[in-house]
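Here is the structure we will look at, set down as structure tokens.
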Amino acid sequence: MLLYWKRTLRILWPANFLQAAGMSLIIPFLPLYIQQLGIHDHDSIARWTGWIFSAQFITAFLFQPLWGSLADKYGRKVMLLRSSIGMGVVTILMGLVTGPGQLLTLRLINGLFSGFISMSVSLQASVTPDKDSGRALGTLQTGQVVGTLIGPLLGGILSEIVGFRAVFFVTGALILLGGLVVMLFVKEDKPSRQQVAKKQKGDWKALRPLLPVFIAATITQIAMMSIQPLITLYTKTLYTGSHLALIVGLVSAVTGIANLIGSPLLGRLGDKIGQRKILILSLIMSILAFLPQVFATSITVLLVGRFFLGLFIGGMMPSLNVLVKKLAPKNLQGTAFGINSSARFLGNLLGPLIGSTVAAAYSIQDVFFITMTFLFVNLIAIAWNRKLDVPIVQTKEM
């Protein structure tokens with residue numbers, strides 16, 4: 001008989017894939033859509049694109065802890081449905097806007113409804129035994145990675161076939177479909193009155209040991225996103241051929257492909273040797289992975305560096321999620337995962353801003369050095385904090 005946690009994983013994986021694919025479908029043509037809305041000046045298009053792209057991260061960062069707290073009170077499944085219905089409807093409305101201001105407003109509202117993936121991680125963690133947590137959460141993360149990789153490709157193809165506005169309708173439908181999968185197939189016991197009362201009386205200081213985990217989640221996303229707005233410009237310094245768009249796409253995709261390998265592999269290894277050791281290993285290797293990028297003399301060297309960065313950054317996320325599960329009190333786990341998600345959204349927001357600011361003031365290479373410094377400081381903090389060592393459970397699966 002299939003264990004319940006495995007059954008839940010098989011349901012949440014495709015739901016996460018649909019959500020991630022849906023949210024990333026619009027990325028390739030966003031500047032072109034803004035131009036279609038009446039903005040034609042190059043600088044204005046760039047400015048509107050930056051604000052519209054970042055708007056969702058701002059409200060998502062602010063509201064994740066609230067949704068996590070409500071999940072502790074009303075259950076995670078309710079929060080999953082709230083997110084998918086809200087984001088699905090708002091995304092469909094994006095295909096009906098007549099100006100960039102309306103699109104910006106809807107992106108802000110969309111961030112308010114976000115949190116599907118973080119709540120799915122919380123739900124999976126709640127039903128998975130400690131001994132299998134790294135394996136399960138690492139595998140679940142690959143659903144998000146695959147969706148993020150395939151989404152832009154599908155978005156580019158669909159925009160050519162059906163037009164920009166129709167892609168928003170398709171995107172909204174995919175997000176709603178992910179919610180439908182959860183509604184029909186995921187079962188969750190609602191928190192009892194005693195659990196809710198305990199939550200209301202809960203000592204929030206109990207989440208203090210997780211502060212290094214939340215900081216690590218932010219820095220991890222900064223490391224991934226700091227170079228993202230500049231990847232095309234940096235690639236152009238190494239490649240002068242006629243297939244720049246293809247090469248840029250490959251440089252961007254290789255980190256995601258490495259994520260697919262690193263997340264389940266290092267997740268399983270974390271179950272055996274402990275998550276803190278995996279974090280230390282991943283931070284060291286991520287720092288080293290920036291060296292071939294900053295000193296790259298060819299596209300091949302850059303690709304190697306980006307691959308190893310994706311491999312070990314991808315391995316960090318399941319370990320961080322497992323630590324949230326193991327260190328947070330049961331009655332505050334939804335809140336803890338909400339804060340962890342908020343920390344990641346903060347990294348998504350700060351990363352491009354830091355990268356663009358440093359590159360404008362100094363150089364693109366300096367962005368790599370700044371990011372390495374962030375990772376090194378985080379490495380020292382994790383290595384120093386032995387409270388993140390949690391018992392490794394070794395029991396036979398029934």
Side-chain angles (χ1 to χ4, degrees), residues 19-68 79 82-119 144 147-148 151-152 155 159 164-165 167-172 174-176 217-218 221-222 224-231 252 338-339 341-357 360:
Q19 291 283 327
M23 288 187 290
S24 61
L25 274 173
I26 66 170
I27 291 175
F29 63 83
L30 184 57
L32 300 177
Y33 187 52
I34 292 170
Q35 187 174 7
Q36 193 180 84
L37 293 175
I39 305 299
H40 301 292
D41 177 69
H42 185 271
D43 291 341
S44 296
I45 292 174
R47 194 178 306 112
W48 274 109
T49 300
W51 277 106
I52 289 171
F53 180 77
S54 301
Q56 182 168 312
F57 297 136
I58 297 171
T59 45
F61 160 67
L62 293 173
F63 281 89
Q64 290 306 295
L66 171 63
W67 302 136
M79 291 297 104
R82 169 203 60 79
S83 178
S84 59
I85 293 172
M87 291 185 69
V89 171
V90 170
T91 301
I92 290 172
L93 293 176
M94 290 180 194
L96 302 175
V97 299
T98 57
Q102 296 172 3
L103 184 60
L104 176 63
T105 301
L106 288 174
R107 287 283 290 181
L108 285 167
I109 296 172
N110 211 37
L112 188 152
F113 284 112
S114 66
F116 184 95
I117 291 174
S118 65
M119 279 301 103
Q144 177 187 353
T148 303
S159 64
F164 300 145
R165 293 184 182 275
V167 176
F168 285 98
F169 303 147
V170 174
T171 300
L174 284 176
I175 294 173
L176 289 171
T218 298
Q221 293 306 113
I222 288 176
M224 286 296 291
M225 298 298 292
S226 62
I227 195 64
Q228 208 62 32
L230 310 165
I231 200 70
S252 298
I339 296 174
S341 177
S342 182
R344 293 188 64 185
F345 278 118
L346 180 61
N348 286 335
L349 179 63
L350 293 179
L353 294 176
I354 292 172
S356 300
T357 302

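The analysis underlying the following values was restricted to heavy atoms, covering all of them including side chains, and did not include hydrogens, waters or symmetry mates. The first residue in the sequence is number 1, and the count goes up from there.
Minimum interatomic distance between G347 and P352 (heavy atoms only, all atoms of both residues): O-CD, 4.3 Å. Residue L176 comes nearest to G88 through the heavy atom pair CG-CA, 3.9 Å, listed as atom of the first residue, atom of the second, then distance. The shortest non-hydrogen separation linking S84 to I175 is O-CG2, 3.5 Å. Pairing each heavy atom of S83 with each of F116, the nearest pair is OG-N, 3.2 Å. Nearest heavy atoms, G172 versus T91: N-CG2, 3.8 Å. Minimum heavy-atom separation, A217 to R344: CB-CG, 3.9 Å.
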Stepwise, does the side chain to side chain contact (heavy atoms under 4.5 Å, CB included) test hold for S118 with W67?
-> CA-CA 10 Å; S118 65; W67 302 136; over 6 Å; no

Go through the steps to decide whether L104 and W48 satisfy the test side chain to side chain contact (heavy atoms under 4.5 Å, CB included), and finish with yes or no.
-> CA-CA 8 Å; L104 176 63; W48 274 109; 4.0 Å; yes

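Within the 4.5 Å cutoff, side-chain heavy atoms of L349 are placed close to those of S54. Contact annotation: the side chain of L93 never approaches that of V97 to less than 4.5 Å [non-hydrogen atoms, C-beta and beyond].
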Table please: side-chain donor-acceptor pairs of residues 55-62 below 3.5 Å, with sequence neighbours left out.
| from | atom 1 | to | atom 2 | distance (Å) |
| --- | --- | --- | --- | --- |
| Q56 | OE1 | R107 | NH1 | 3.2 |
| Q56 | OE1 | N110 | ND2 | 2.9 |
| T59 | OG1 | Q56 | O | 3.4 |
| T59 | OG1 | L108 | O | 2.6 |
| T59 | OG1 | L112 | N | 3.4 |

Could you give the side-chain donor-acceptor pairs of residues 29-37 under 3.5 Å, partners two or more places apart or in another chain?
| from | atom 1 | to | atom 2 | distance (Å) |
| --- | --- | --- | --- | --- |
| Y33 | OH | M94 | O | 2.8 |
| Y33 | OH | R165 | NH1 | 3.3 |

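Of the inter-residue distances, the one linking L350 atom CG with T357 atom OG1 reads 10.0 Å to the nearest 0.5 angstrom. Separating the CZ atom in F113 from the CD1 atom in I85 is a distance of 9.5 Å, to the nearest 0.5 Å. The CD1 atom of I92 sits 12.0 Å away from the CG atom of L106 when rounded to the nearest 0.5 Å.
Counted by atom type alone, Q102 and T98 present one or more donor-acceptor pairs between their side chains at under 3.5 Å. Looking only at atom types and distance, the side chain of S114 has a donor-acceptor partner in the side chain of Q64 under 3.5 Å away.
A donor-acceptor contact shorter than 3.5 Å links the side chain of S226 to the backbone of I222.
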